[in-house]
Amino acid sequence: MANTPGGAAALPSVDRVLRLPAIVAMIESHGRVAVTEAVRSTLAALRAAMIRGAASGPREILDRDIVVRVDATLAKVVAPTLRPVFNLTGTVLHTNLGRAPLPESALAAIVDVARGASNLEFDVASGRRGDRDSHIDDLVCRLTGAGAATVVNNNAAAVLLTLNSLANRREVIVSRGELIEIGGAFRMPDIMARAGSRLKEVGTTNRTHPGDYESAIGPRTAALMKVHTSNYVVHGFTAEVTERELSGIAHRHGLPLIVDLGSGSLVDLRRFGLPYEPTVADVLSAGADLVTFSGDKLLGGPQAGIVVGRPDIVARIKRNPMKRALRVDKMTIAALSSVLRLYLDPDRLPERMPTLALLTRSPAELRALAERIAPPVRSRLGNIATVEIEPCRSQIGSGSLPVESLDSTALTIRPTVPRREQGAALNRIVAAFRTLPLPVIGRVQNGAFQLDLRCLVDETRFVAQLAPLNFHTGSDR
Ligand SMILES: *Cc1c(COP(=O)(O)O)cnc(C)c1O
């Protein structure tokens, strides 16, 4: 009997399992070490279950069962945890879902330099040591009108490095209306403290005037700073000081104006029918001495933080030892340089830049897509839910245009069960979409599961992988 101590002896030895044809095949693809480890832990778990004699413990173990269990154990170890998903949340630049999708040219550029050696920090013409920023700084300057540029790991790093370079143990004046917190623990006061800068808050949450900055300037002031309020708007009885006014005040006192622009577009999005977002060039021409922005927000590139501005200040930033700790990898530079090159031909950006392509998808196109994919989704869900095509609003996300949204189309899935079971039924549906081979992430709103189709590009793959949903039997269990 399996639930007597002697039952454990019914298990085969590790060696015998390793000779099973299915296991031999696993060794061929995953190697002996990983498979042996998986066999050992599978047999140990089975032995423990048999000794416990739990009702759930298996009574008789077939080789076939062992193979299935080893396969599952192995999959947990060898399968990558980072993998693609369908972002149907309606937030195009979704930080938790990896922000900007990269253009093909950037992907090719990454592969090209990642495979072998490159001239990352080597000047091929002179044969001397080079500077990794040299692969992007001329392009960035051309596209923004800046005098100099440098690149670090992300915009948070750009802000940290800038403040530490310019205002270590000195004061930086910021409006109380701009002390932002961005998702993922980026809080301006905390970053300032870590940069060694003293935050001097001025004005109030809703109103800050030029005189507030003016009277806060003292002998310990290192810079004035303006922070783009990326993820909220101060609305109503408000006043803020523009970059132009602020740069006037800063320069009269011989101080630099730093602007953390957050998203920072390189082109005026209105030319593509999108709402206005201040461009890096606009802010520089309004008198900012230094602007920091992200590479993977509206710019549509890889994660990076870009600092542009006055050459003497950028040079100081580049000399800071912290720059070495925050620098970017060759893959980032390859992708960023490739994306920046696309901006040299702004007319063709919407076809070549996935972010812009998604943001500018036409309502008619989204509607047609919805008409095509609603039937297969409906048939998979059977009678457990209704699937309707409904208008919805997409957001740009990642701190761009927080209150603006774009007309879009969604599949809205509502469970057809009595009201008190609706929450549980909805959760089961949401979880089922999440456990598909390419997890489908939507948003739950008003008791429904909404799939905003704006970011659905690989329609064929989406439909082809719906089979495991398997609700069409009529059972919702
Ligand atoms: C997004 C954002 C940051 C942080 O940028 P990351 O690239 O995510 O590090 C900082 N400041 C502002 C204003 C932002 O919008």
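All residue numbers in this chain count up from 1 along the given sequence. The shown structure was predicted, so the numbers you read here are calculated from the model rather than taken from an experiment.
Of the possible polar contacts, none joining the E351 side chain to the A357 backbone as a donor-acceptor pair under 3.5 Å is found. Panel note: side chain S247, backbone A286; a donor-acceptor pair is recorded below 3.5 Å. With hydrogens and angles disregarded, a donor-acceptor distance shorter than 3.5 Å links the side chain of T279 to the backbone of D282. Panel note: side chain R99, backbone K297; no donor-acceptor pair is recorded below 3.5 Å. The backbone N or O of L299 sits less than 3.5 Å from a side-chain atom of Y343, completing a donor-acceptor pair. Judged purely by atom type and a 3.5 angstrom limit, N154 uses its side chain to pair as donor or acceptor with the backbone of A157. Judged purely by atom type and a 3.5 angstrom limit, R361 uses its side chain to pair as donor or acceptor with the backbone of L453. Between the R132 side chain and the V328 main chain, a donor and an acceptor come within less than 3.5 Å of each other. For R198 (side chain) and R170 (main-chain N/O), no donor-acceptor pair under 3.5 Å exists by modelled atom type. When atom types are taken as modelled, the side chain of H135 and the backbone of A334 share no donor-acceptor pair closer than 3.5 angstrom.
The shortest non-hydrogen separation linking N164 to A195 is ND2-O, 3.0 Å. Smallest separation of non-hydrogen atoms from P278 and V283: CB-CG2, 4.4 Å. Annotation for P346 and V267: closest pair CB-CG1, 4.4 Å, computed over non-hydrogen atoms. Minimum heavy-atom separation, L438 to R461: CD1-NH2, 3.2 Å. Listed here is the closest heavy atom pair of L139 and S337: CD1-O, 3.8 Å. Here the closest heavy-atom approach between residue S197 and residue A167 is recorded as OG-O, 3.1 Å.
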**OP:** Go through I306 and V140 one step at a time and tell me if the side chain to side chain contact (heavy atoms under 4.5 Å, CB included) criterion holds.
**Re:** CA-CA 9 Å; I306 303 168; V140 172; 4.1 Å; yes
Original post:
Does the pair R393 and D407 meet the rule for a salt bridge (Lys or Arg N to Asp or Glu O under 4.0 Å), with working shown?
Top reply: CA-CA 5 Å; R393 310 284 302 173; D407 273 326; 2.5 Å; yes
Subject >> From CA spacing to verdict: side chain to side chain contact (heavy atoms under 4.5 Å, CB included), L359, L269 >> reply: CA-CA 10 Å; L359 291 174; L269 296 174; 5.7 Å; no
**OP:** Under the side chain to side chain contact (heavy atoms under 4.5 Å, CB included) rule, what do C392 and Q450 come out as? Steps first, then yes or no, please.
**Re:** CA-CA 9 Å; C392 70; Q450 260 203 335; 4.0 Å; yes
**OP:** Check step by step if side chain to side chain contact (heavy atoms under 4.5 Å, CB included) holds for Q465 and V440.
**Re:** CA-CA 10 Å; Q465 68 150 8; V440 174; 3.7 Å; yes
Subject >> Chi angles and distances behind the side-chain hydrogen bond (donor to acceptor under 3.5 Å, both in side chains) call for N206, T238 >> reply: CA-CA 5 Å; N206 57 328; T238 63; over 6 Å; no
Original post:
Could you walk me through whether S134 and D131 pass the side-chain hydrogen bond (donor to acceptor under 3.5 Å, both in side chains) check?
Top reply: CA-CA 5 Å; S134 71; D131 174 355; 5.8 Å; no
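The CG atom of L161 lies 7.0 Å from the CE atom of M322; values are rounded to the nearest 0.5 Å. Atoms CG and CD1, from L326 and I317 in turn, are 11.5 Å apart once rounded to the nearest 0.5 Å. Distance check, rounded to the nearest 0.5 Å: CG of L284 to CG of L257 gives 10.0 Å. Rounding to the nearest 0.5 Å places CE of M331 at 13.5 Å from CG of D112. The CD1 atom of I396 sits 9.0 Å away from the CZ atom of R454 when rounded to the nearest 0.5 Å. With rounding to the nearest 0.5 angstrom, the CG atom of L340 is 6.0 Å from the CG atom of L143.
Looking at R414 and E390, a side-chain N of the basic residue comes within less than 4.0 Å of a carboxylate O on the acidic one, giving a salt bridge. Ion pair R271/D347 flagged as a salt bridge, since at least one NZ, NE, NH1 or NH2 atom sits closer than 4.0 Å to an Asp/Glu carboxylate oxygen. A salt bridge is absent between R129 and D123; no separation between the charged side-chain nitrogens and carboxylate oxygens falls under 4.0 Å.
The environment of R142 atom CZ is sparse: at most 12 non-hydrogen atoms of other residues, nucleotides or ligands sit within 6.0 angstrom.
Proximity of I333 to V151: side-chain heavy atoms (C-beta onward) are nowhere separated by under 4.5 Å. V159 is listed as a side-chain neighbour of M225, based on a closest heavy-atom distance under 4.5 Å. Contact annotation: the side chain of L246 never approaches that of E243 to less than 4.5 Å [non-hydrogen atoms, C-beta and beyond]. Residues H253 and Y213 fail the side-chain proximity criterion, which asks for heavy atoms closer than 4.5 Å. Taking 4.5 Å as the limit, every side-chain heavy atom of I413 sits out of range of all side-chain heavy atoms of V430. Side-chain contact between E240 and S175: absent, with no pair of heavy atoms (C-beta onward) separated by less than 4.5 Å. Between T412 and Q445 the shortest side-chain heavy-atom distance does not fall below 4.5 Å. The side-chain heavy atoms of I389 and T409, taken from C-beta on, include a pair separated by under 4.5 Å.
Between H228 and the options D260, L261, V291, a side chain to side chain contact (heavy atoms under 4.5 Å, CB included) holds for only L261.
R270 is linked by a salt bridge (charged side-chain N to carboxylate O under 4.0 Å, His left out) to D268, counting only residues two or more places apart in sequence or in another chain. For F449, the ring-ring contact (aromatic ring centres under 6.0 Å, His included) criterion is met by F433, not counting sequence neighbours.
Contacts classified as salt bridge (charged side-chain N to carboxylate O under 4.0 Å, His left out) and involving residues 212-224 (residues at least two apart or in different chains) are given here: E214-R252.
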